[in-house]
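Below is one structure, written out as structure tokens, with a few remarks after it.
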2 protein chains.
Amino acid sequence: MGRLKEFELQEALGKAMNVFWKKGYDKTSLKDLLTEMDILNGSFYNTFGNKKSLFLKTLEFYGEEITAKRANHLTTNESFKVGIRSLFEDVFKCFSDKKTPRGCLLVNSLSSELLKDQEVLNFVQTEIANFEEFFFIQLEQAVDSGELDKSINPKLTASILVTYIQGLMKLSSLEISSSKLEKQTSHFLEVIGL
Amino acid sequence: MGRLKEFELQEALGKAMNVFWKKGYDKTSLKDLLTEMDILNGSFYNTFGNKKSLFLKTLEFYGEEITAKRANHLTTNESFKVGIRSLFEDVFKCFSDKKTPRGCLLVNSLSSELLKDQEVLNFVQTEIANFEEFFFIQLEQAVDSGELDKSINPKLTASILVTYIQGLMKLSSLEISSSKLEKQTSHFLEVIGL
DNA sequence: GATTTACTTGAGTGATTGCTCAAATATATA
DNA sequence: TATATATTTGAGCAATCACTCAAGTAAATC
């Protein structure tokens with residue numbers, strides 16, 4: 001059965017994700033990745049194929065580890081209003097956390113050139129669409145149950161939320177004051193009726 | 001007084017901006033720039049110093065050429081409501097225009113690594129702050145004149161607008177359907193009372 | 001213990017990166 | 001027309017890029 005792997009795949013993937021998150025895809029060199037993942041050239045290409053292929057795997061990892069956990073705030077809390085605030089609280093907590101890179105992997109690491117790659121573009125589009133769909137379902141439930149006002153349009157509100165969050169992630173990577181973003185978000189939620 | 005320049009500075013700057021806009025800072029090579037600007041190595045370094053210095057100049061150029069013209073929609077139209085819709089119309093027109101790169105130069109070209117450069121970060125932060133301040137002033141006027149409801153908070157609304165627009169730019173670079181973004185934006189404006 | 005198989009190691013690939021520099025060229029002034 | 005000065009030209013720099021490959025090593029199976 002041959003020699004055993006000397007590193008844990010999930011652990012290495014997590015470390016790679018952090019590098020891409022912090023430096024962006026283009027500015028992350030193989031040397032950066034190998035150093036952080038603590039493996040050598042051969043092991044890398046043997047396991048992950050190439051840089052882009054690893055990147056796609058870290059996008060998947062991000063979806064499972066980060067986005068999914070954030071979505072949980074909506075499903076585990078008793079109401080949408082409480083849940084969505086809990087979700088944003090989590091986002092802002094990450095902004096202050098020095099260990100977590102600011103912003104969102106999707107926002108930070110994707111260059112225009114990289115998005116010309118159909119495989120990457122498709123993956124990201126799907127990820128965004130899923131996130132929006134998730135919001136939509138949660139919003140619809142909250143409207144149907146009477147928690148939220150009937151005047152709220154779940155479809156459009158879901159897409160507005162996604163757009164706003166993308167902007168928030170961008171601004172946070174511009175080192176805009178976290179408390180400023182927190183205040184405006186709180187106001188934003190009230191104004192759109194959530 | 002020596003030999004004359006064989007290219008127009010503003011024209012070359014505009015061409016450079018388009019390359020950065022389309023490919024992002026990192027993925028734009030000097031070869032890309034020289035080809036598009038139609039000048040040679042020496043002329044480049046003689047005139048612009050280096051790649052980063054040119055980039056900062058194109059950011060300035062973008063502020064004057066693109067952002068300023070968009071701001072005009074608010075000052076030349078008779079009301080804020082009409083003006084802001086005219087501004088967004090302009091943005092969406094650019095999304096459909098094949099010649100203009102999708103999204104915003106600031107959103108597309110800035111990598112996390114580049115933002116670690118204090119000069120770049122400061123410039124972008126100021127640009128964003130100015131844009132927000134402009135919205136604030138226009139909103140305040142519209143509220144004072146009675147065009148907009150007194151319940152509208154000009155400061156917070158201005159920052160929400162900036163965040164939303166940043167998100168819109170990001171999503172447009174992800175090739176999200178322009179008509180979808182147009183519909184949700186129209187709804188967004190109504191919901192926040194504009 | 002021999003063989004097979006998978007992983008690790010590290011030197012090395014050609015291509016590309018941003019940038020330098022000396023020589024050639026063109027223009028305004030003396 | 002001669003001189004001073006600014007721009008253009010293109011070869012070439014060291015560094016870095018993603019990636020390859022052959023040799024070495026460790027484990028499972030026979």
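Just so it is clear: chains get the letters A, B, ... in the order the sequence lines come, proteins before strands, and each one is counted from 1.
Judged by distance alone, with hydrogens and angles left aside, B:Arg3 brings no side-chain donor or acceptor close enough to the base of D:dT8 to form a pair under 3.5 Å.
Residue A:Tyr25 is the one, among A:Tyr25 and A:Gly42, whose nearest nucleotide of DNA chain D lies closer to the 5' end (criterion: closest heavy atom). Closest-nucleotide positions on DNA chain C for B:Lys27 and B:Glu6 were compared, and the one nearer the 5' end corresponds to B:Lys27. Take the nearest nucleotide of DNA chain D for B:Phe44 and for B:Gly2: the residue whose nucleotide is more 5' is B:Gly2.
For the OP1/OP2 pair of D:dC17 and a distance below 4.0 Å, the side-chain nitrogens and oxygens of A:Ser29 include at least one atom meeting the criterion. One finds a side-chain N or O of B:Ser43 lying less than 4.0 angstrom from the OP1 or OP2 phosphate oxygen of D:dT8. The shortest distance between the side-chain N/O atoms of B:Asn46 and the OP1/OP2 oxygens of D:dT7 is below 4.0 Å.
Nucleic acid contact for B:Phe48: none, since no nucleic acid atom lies under 4.0 Å from a heavy atom of the residue. Within 4.0 Å of B:Asn41, counting heavy atoms only, lies at least one base atom of the nucleic acid.
Here C:dG18 presents its P atom at 11 Å from NZ of B:Lys31, a figure rounded to the nearest Å. Between A:Leu30 atom CG and D:dC21 atom P the separation is 16 Å, expressed in whole Å. Between B:Leu4 atom CG and C:dT29 atom P there is a gap of 10 Å when expressed in whole angstrom units. Atom-to-atom, CG of B:Asp117 to P of C:dG18 comes out at 15 Å; the value is rounded to the nearest Å. Computed from coordinates, the A:Asp26 CG to D:dT16 C1' distance equals 15 Å when rounded to whole Å. Put simply, CE on A:Met37 is 14 Å from P on C:dC7, counting in whole angstrom units. Between the NZ atom of A:Lys5 and the C1' atom of D:dA28 there is a distance of 16 Å, rounded to whole Å. In this structure, the CG atom of A:Leu40 is 16 Å from the C1' atom of D:dA18, given to the nearest Å.
Geometrically, B:Lys51 engages B:Tyr25 in a cation-pi contact defined by less than 6.0 Å to the ring centre and at most 45° from the axis.
In summary, B:Glu36 and B:Lys23 do not engage in a salt bridge, as defined by a charged side-chain N under 4.0 Å from a carboxylate O.
B:Gln184 pairs with exactly one of A:Asn153, A:Thr157, A:Thr163 by the side-chain hydrogen bond (donor to acceptor under 3.5 Å, both in side chains) rule, that one being A:Thr163.
Scanning all heavy atoms of the two residues, the minimum distance from A:Phe80 to A:Glu147 falls at N-OE1, 2.8 Å.
The aromatic ring centres of A:Phe92 and A:Phe95 sit less than 6.0 Å apart.
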